[in-house]
Amino acid sequence: MKKHIFFIASCLTFIIISPSLAEIQSIGSGPLHVQPAYTITRGQLMMGAHSRVFFKDEVLEREDGSSQGITYWDIQGGVGLYYGLTNHFQLGLSQIVYQDTHHDGNGYNLPDNLIFHAKLGSFGPDQGNVRFGAQLDVRLPLAENYNIPLEPYSAGRIGVGITGLFSIISEPMFPEYGININTNVGLFNHNDLGVMLTDSELDTITAQENTKEVIFGLGFSSRHQEITFFAELYGRAFLEQPPTTAYTRESSLYAAPGIGYALTPWMLIKATLDIRVLGGDDETVYSYAQGDLLNTPWQHVPNLPSWRVNLSTSIALNPNVHQRTTNPDIQERIRTQSQLSPEVYEQLTDERRANEDAEAELERIRTERQRMEDLLDRLRNILENPVGSTPQNQNNENENSQSP
């Protein structure tokens, strides 16, 4: 049975990371585009793959009066590796392997950009419901073509971005579970001063200053056992627009509902549908006094996709690291709680009665008992499903287990 599961998972992984690969966004069970403020476990190695696609049909009228139907596709894809250097520091490297460019007909980049990520996170009170952090992204240009329609602006220079991360979590010990709210606000500098975006010999238009844009997002997720439901609102807003010869000069806003499912304890898949809310205007200038500087790949296809389908997977390459790196106190607590008897709860009740009002205390004990039972169930599920799980209270578990 295990061999069959491994074979199926391997096939799915191959399908997802074959010629339609996409830029890695967010691993874990939460939203795809909005990053959480917590990191993966120290020593945990994750691989991610993501593919996304957009297409649109267009009917062209010929000079003889006949018409021709054409379907335009935009496919991007990539893979990435992420490693938890410490419980607060995560490193990542993602490669856009394939990108449609629409240059000279059916052009594509193979490979495209390489992106380096460094994330500081999981900061906040151990028993609290707030986490915060920051992420650095460095984009290294490896592609042949840039200034691509239907994709975010890219000028072929090394770009640098910094993003602030904030999360509200319902389960401080294992933030991947329960209900989470994540918020991102960042600034990306394209470092494109002096760049000329076209190959036209008539083009004299260059970037007069570095293009800068604010990247933002708000995400909500709720995980129930193997299934996660999530929704996010994310976008980009230019502080300094790129030159008028850029295919994508528009600020944008997308809404993206999605669902995730844990196929195995070490493999998670997600699917989302991006729906464009803002960014439908075409602000590119194609013709100047000196002539046409940009080719128009189509007549009615927008510069930014009106919708997009995303598929992603994240795989724990060392799935047992979660159990190995978890504080032994947590393991002992699980074993102890699995043997709790009514006498233990009665003793806790007696201790509380000695200090507080009996009637109010009985109600609190009932609530505490239910909470402990729910926590026990979640802890058991975490040990069985370690993908993306991040223990947050490795230093204070003895104090927590002794508190009533």
Side-chain angles (χ1 to χ4, degrees), residues 24-41 44 46 48 50 82 84 87-90 92 117 119-135 163-186 215-235 254-262 265 267-274 310 312-314 316 322 326 330 371 374-375 377-394 400:
I24 300 302
Q25 301 289 336
S26 176
I27 58 175
S29 61
L32 185 64
H33 305 282
V34 180
Q35 296 281 346
Y38 46 83
T39 60
I40 59 178
T41 306
Q44 191 169 21
M46 302 285 296
H50 174 175
Y82 298 84
N87 285 330
H88 295 284
F89 187 40
Q90 170 185 316
H117 316 272
K119 181 177 180 180
L120 283 170
S122 298
F123 295 106
D126 290 334
Q127 301 296 327
N129 300 104
V130 172
R131 297 290 181 270
F132 58 90
Q135 178 166 308
T163 303
L165 314 173
F166 179 79
S167 296
I168 300 175
I169 57 179
S170 64
E171 297 295 337
M173 187 181 300
F174 297 100
E176 282 287 325
Y177 285 74
I179 298 175
N180 294 345
I181 299 175
N182 301 315
T183 303
N184 298 171
V185 178
I215 301 174
F216 57 91
L218 174 66
F220 169 86
S221 65
S222 178
R223 181 166 181 174
H224 306 274
Q225 303 297 333
E226 293 86 5
I227 300 178
T228 303
F229 299 96
F230 58 87
E232 53 189 331
L233 195 66
Y234 71 96
Y254 281 87
I259 186 172
Y261 182 75
M267 182 176 185
L268 174 73
I269 61 172
K270 292 189 291 188
T272 67
L273 173 63
D274 296 347
N310 301 267
S312 72
T313 181
S314 58
H322 174 71
T326 297
I330 297 179
R371 187 191 70 81
D374 293 341
L375 178 60
D377 291 338
R378 289 191 178 95
L379 291 173
R380 285 173 174 165
N381 289 331
I382 288 297
L383 293 179
E384 298 173 356
N385 300 276
V387 173
S389 298
T390 309
Q392 299 290 322
N393 298 329
Q394 295 187 357
N400 188 57

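Values reported hereafter were calculated over all heavy atoms of this structure, with side chains retained and with hydrogens, waters and symmetry mates removed.
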Counting C-beta onward and ignoring hydrogens, is there a side-chain heavy-atom pair between Ser221 and Glu232 closer than 4.5 Å? no
What distance separates Arg223 CZ from Ile179 CD1, expressed to the nearest 0.5 Å? 14.0 Å
What one should report as the nearest heavy-atom pair of Val130 and Pro125 is O-CD, 4.0 Å
Residues which pass side chain to side chain contact (heavy atoms under 4.5 Å, CB included) with Ala231, listed by chain and number, not counting sequence neighbours: none
Check each of Asn182, Thr183, Val34 against Leu218 using the side-chain contact (heavy atoms from CB on, under 4.5 Å) test, and report the only one that passes. Thr183
Shortest non-hydrogen contact from Ala316 to Gln44? CB-NE2, 4.3 Å
Phe166 side, atom CZ; Ile181 side, atom CD1 - distance, nearest 0.5 Å: 9.0 Å
Please confirm whether Tyr254 and Tyr234 have ring centers closer than 6.0 angstrom. yes
Of all the heavy-atom pairs spanning Ser312 and Leu32, show the shortest one and how long it is. OG-CD1, 3.6 Å
Met267 side, atom CE; Ile269 side, atom CD1 - distance, nearest 0.5 Å: 7.0 Å
If we ignore hydrogens and angles and just use 3.5 Å, is the side chain of Asn180 paired with the main-chain N or O of Pro175 as donor and acceptor? yes
Approximate separation, where rounding is to 0.5 Å, of Thr163 OG1 and Leu165 CG: 6.5 Å
If you define the side chain from C-beta out and look only at heavy atoms, does anything of Thr228 sit under 4.5 Å from Lys270? no
How long is the straight-line distance from CD of Glu171 back to CG of Leu375, given to the nearest 0.5 Å? 7.0 Å
Check the pair Asn184 / Ile215 against side-chain contact (heavy atoms from CB on, under 4.5 Å), numbers first and verdict last. CA-CA 8 Å; Asn184 298 171; Ile215 301 174; over 6 Å; no
When you measure from the side chain of Ser167 to the backbone N and O of Ala37, does any donor-acceptor pair fall under 3.5 Å? yes
Stepwise side-chain contact (heavy atoms from CB on, under 4.5 Å) test for Asn87 and Thr41: CA-CA 5 Å; Asn87 285 330; Thr41 306; 4.2 Å; yes
Tightest non-hydrogen contact, residues Gln90 and Thr39, listed as OE1-CA, 3.5 Å
Heavy-atom nearest pair, Pro36 first then Lys119, reads O-NZ, 2.8 Å
Give me the atom names and distance for the closest heavy-atom approach of Phe230 to Pro31. CD1-CA, 3.6 Å
Pairwise distance CD1(Ile169) to OG(Ser122) - rounded to 0.5 angstrom: 8.0 Å
